[in-house]
K.L.:
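Just dropping this structure here.
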Amino acid sequence: MPELPEVETVRRDLEKVLVGKKITAVEILDKKIVGGKPAVFVSAVNGKKIVGVERRGKLLAFKLSSGEYLLAHLKMTGQLICVSLSLRAKRGNLIAGGHQVGKNDLTVPNKFTRVIFAFSPPARGGARGGGSVGGTLYFNDLRRFGYLKVVSAEEKETIFKNNFGIEPLTPDFKLSAFTKIFRNRKTNLKAILMNQKLISGLGNIYVDEACFNAGLLPWRSAKSLKPPEIKKLFSCIQKVIAVAIKNRGTTFKDFRDGAGGRGAHYNFLNVYGRKGEKCRKCKNFIKKTKHAGRGTHFCPKCQR
DNA sequence: GTGTTTGTTATCAA
DNA sequence: CTTGATAACAAACA
C-alpha cells in the first residue's frame with residue numbers, strides 16, 4: 001500500500017508532468033472522494049495552475065496558483081495516474097476515452113476511477129516544466145478510502161504540523177529526535193513506528209522491513225530498546241526508505257506510480273509477504289503474527 | 001459465508 | 001490532557 005516511498009515516487013512523477021499546467025476540467029464520478037460537495041470542490045480547483053507538489057508523510061499537497069492546496073491521500077488503494085495529451089490524441093481519446101498505461105496491464109479510466117482532471121499546456125515560452133503538452137490525471141481508488149480536499153495555505157500548514165511526526169529524509173530526522181519518541185512510552189516498537197504523529201511515512205511494509213534490517217522483534221517494548229539498537233534502527237529506516245524510492249516503491253497489487261507503472265521494490269523485500277519463505281540472511285523460515293492490529297512478518301532467528 | 005488485507009480515525013478506557 | 005488499545009471503514013479475494 002502506498003507508504004512514504006510510494007507516495008514520494010508519485011510526487012516526483014507528477015511534479016515533472018504537472019507543474020505549470022492549468023486544470024481546465026474536473027469530472028467527479030464519486031463525490032465521497034471530494035467530501036460530498038462536488039460544486040465546491042470544482043470551483044476551488046478549476047482554472048487554477050499547479051505551481052508545486054509537496055509531500056508530508058503519506059499525504060500529497062498540490063500547490064495551486066490561487067494559493068490554496070489540493071491535498072490528496074491514497075490511503076490503501078488510491079492511484080494518481082497522469083496521461084499526456086499527446087498520448088491521448090494519438091489514441092484518439094477524450095476525457096472519458098480509454099487507454100492503457102503501466103506496461104499495458106491497466107486501462108484508465110476504469111471502474112475504480114473516481115475523479116478526472118484535464119490539464120492544458122503551460123503558456124508558450126513559460127519557463128516552468130511540464131513539457132509542451134497538456135494531459136489527464138486520473139484518481140483511481142478501488143476501496144474508496146482515499147480523498148481529495150482543497151484547503152487554505154494556513155490549514156495545510158496546521159495539518160502538516162499537527163498530524164505528522166519527524167519526517168525521514170529531511171534534516172529534522174536526527175538520532176536525538178528519533179530517540180525521544182521512545183522515551184516514557186509504554187507501547188511496543190511496531191505501534192510506535194506505525195504512529196504517524198511520532199514518525200511520518202512508515203506503514204506496515206516498511207515497519208516490518210526496518211525491524212528486520214535492524215535485527216529487532218517488532219513487539220519489543222519501547223523501554224527495552226538500548227541506545228545502540230535505536231541507533232541501528234534509525235539508520236535502517238533511512239536506508240530502507242531510500243532503497244525503496246530508488247526502486248520506485250513496492251507494488252504488491254494496487255500501487256502504481258504517476259504514469260501507471262509498477263514499483264520494483266517488491267522483489268527486494270526481506271520479510272513482508274514472505275511468510276513461509278526462507279530468510280535471505282539465515283535460511284530459516286519467515287513467520288507471521290499480529291501486532292498493533294496488523295500482520296507482522298519477522299525472522300525468529302535474525303530478530304531479537 | 002468467513003477471514004484477511006491496511007491507513008487513518010473514532011471511540012472508549014485508564 | 002495524554003496515552004494506548006481496539007473497532008470501524010471499504011471492497012476484493014482465497
Side-chain angles (χ1 to χ4, degrees), chain A residues 1-11 29-36 55-61 71-80 105-106 110-115 139-149 151 156 158-165 167-168 180-211 218-225 241 244 249-256 263 265-266 269 271-276 286-298:
Chain A
M1 325 298 123
E3 302 178 27
L4 193 159
E6 288 75 32
V7 178
E8 177 63 15
T9 298
V10 171
R11 190 198 69 76
L29 305 169
D30 182 349
K31 60 184 184 178
K32 175 180 189 287
I33 302 297
V34 299
R55 177 191 59 75
R56 185 83 162 88
K58 303 166 194 168
L59 181 63
L60 283 171
L71 304 182
H73 204 301
L74 304 175
K75 290 284 182 90
M76 307 188 27
T77 57
Q79 303 170 332
L80 277 169
D105 60 350
L106 181 70
N110 55 47
K111 67 176 182 172
F112 305 126
T113 299
R114 311 298 181 187
V115 181
F139 183 94
N140 301 335
D141 190 5
L142 181 151
R143 281 161 73 173
R144 305 166 67 232
F145 268 27
Y147 63 83
L148 298 169
K149 186 182 183 189
V151 299
K156 170 246 174 193
T158 306
I159 290 168
F160 273 26
K161 195 157 77 71
N162 292 346
N163 298 295
F164 298 93
E167 180 76 38
K180 265 189 202 142
I181 72 177
F182 295 93
R183 208 163 288 163
N184 300 326
R185 220 153 271 278
K186 297 197 162 48
T187 187
N188 62 43
L189 181 52
K190 177 131 188 174
I192 289 173
L193 297 182
M194 294 283 287
N195 187 337
Q196 302 300 302
K197 294 196 174 179
L198 297 176
I199 172 171
S200 348
L202 296 178
N204 212 28
I205 296 174
Y206 298 108
V207 166
D208 283 4
E209 292 297 308
C211 287
W219 55 91
R220 285 276 298 273
S221 73
K223 67 171 187 186
S224 79
L225 294 171
I241 287 177
T250 300
T251 296
F252 214 77
K253 178 174 173 294
D254 297 296
F255 170 69
R256 297 302 170 122
H265 196 65
Y266 174 80
L269 295 175
V271 287
Y272 185 89
R274 299 193 69 242
K275 173 186 166 189
I286 300 299
K287 292 213 153 58
K288 184 178 176 188
T289 54
K290 193 173 248 198
H291 283 279
R294 294 293 178 252
T296 298
H297 312 71
F298 67 102

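Protein chains get the first letters and strands the later ones, always in sequence-line order, with residue 1 at the start of each.
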K.L.:
Can you list everything that forms a side chain to side chain donor-acceptor pair (under 3.5 Å) with Arg11(A)? Sequence neighbours excluded, please.
P.N.:
Glu8(A), Glu15(A)
K.L.:
Can you tell me how far C1' of dT2(C) sits from CD1 of Ile181(A), to the nearest Å?
P.N.:
17 Å
K.L.:
Donor-acceptor pair, Gln196(A) side chain versus Gly57(A) backbone, under 3.5 Å?
P.N.:
no
K.L.:
Which class fits the ring pair Tyr272(A) and His297(A): parallel under 30°, tilted 30 to 60°, perpendicular over 60°?
P.N.:
tilted
K.L.:
When the distance from NZ of Lys32(A) to P of dT8(B) is rounded to whole Å, what number comes out?
P.N.:
14 Å
K.L.:
Could you state the atom-to-atom distance from CG of Asn163(A) to P of dT9(B) in whole Å?
P.N.:
6 Å
K.L.:
With salt bridge (Lys or Arg N to Asp or Glu O under 4.0 Å) as the rule and sequence neighbours excluded, what pairs involving residues 288-297 of chain A come up?
P.N.:
none
K.L.:
Can you measure Leu4(A) atom CG to dT8(B) atom P for me and round it to whole angstrom units?
P.N.:
11 Å
K.L.:
Could you check Arg185(A) against Arg294(A) and say which one's nearest nucleotide on DNA chain C is further toward the 5' end?
P.N.:
Arg185(A)
K.L.:
Strictly below 4.0 Å, heavy-atom distances to any atom of DNA chain C: list the hits from residues 191-199 of chain A, or just say none.
P.N.:
none
K.L.:
Under the ring pair (Phe, Tyr, Trp, His ring centres under 6.0 Å) rule, collect the residues that match up with Phe160(A), sequence neighbours excluded.
P.N.:
none
K.L.:
Rounded to whole angstroms, how far apart are CZ on Arg274(A) and P on dT5(B)?
P.N.:
17 Å
K.L.:
Between the protein and nucleotides 11-14 of chain C, are there any N/O to N/O pairs under 3.5 Å, and if so, what are the atom names and distances?
P.N.:
{"unit_1": "dA11(C)", "atom_1": "OP1", "unit_2": "Arg144(A)", "atom_2": "NE", "d": "3.4"}
{"unit_1": "dA11(C)", "atom_1": "OP1", "unit_2": "Arg144(A)", "atom_2": "NH1", "d": "2.5"}

K.L.:
Rounded to whole Å, how long is the line connecting atom NE2 of His297(A) with atom C1' of dT4(B)?
P.N.:
11 Å
K.L.:
Who are the side chain to side chain donor-acceptor pair (under 3.5 Å) partners of Glu6(A), not counting sequence neighbours?
P.N.:
Tyr206(A)
K.L.:
Nearest-Å distance, CG (Leu74(A)) to P (dT5(B))?
P.N.:
22 Å
K.L.:
Taking only residues at least two apart or on different chains, which pairs with a member in residues 194-204 of chain A satisfy salt bridge (Lys or Arg N to Asp or Glu O under 4.0 Å)?
P.N.:
none
K.L.:
Roughly, in whole Å, what's the span from CE in Met1(A) to P in dT5(B)?
P.N.:
10 Å
K.L.:
Quick one: side chain to side chain donor-acceptor pair (under 3.5 Å) partners of Arg144(A), sequence neighbours excluded?
P.N.:
Asp30(A)
K.L.:
Check every strand shown and say whether Gly146(A) touches a base, only sugar-phosphate, or nothing at a heavy-atom separation below 4.0 Å.
P.N.:
nothing
K.L.:
In chain order, what residues pass the side chain to side chain donor-acceptor pair (under 3.5 Å) check against Lys58(A), with sequence neighbours excluded?
P.N.:
none
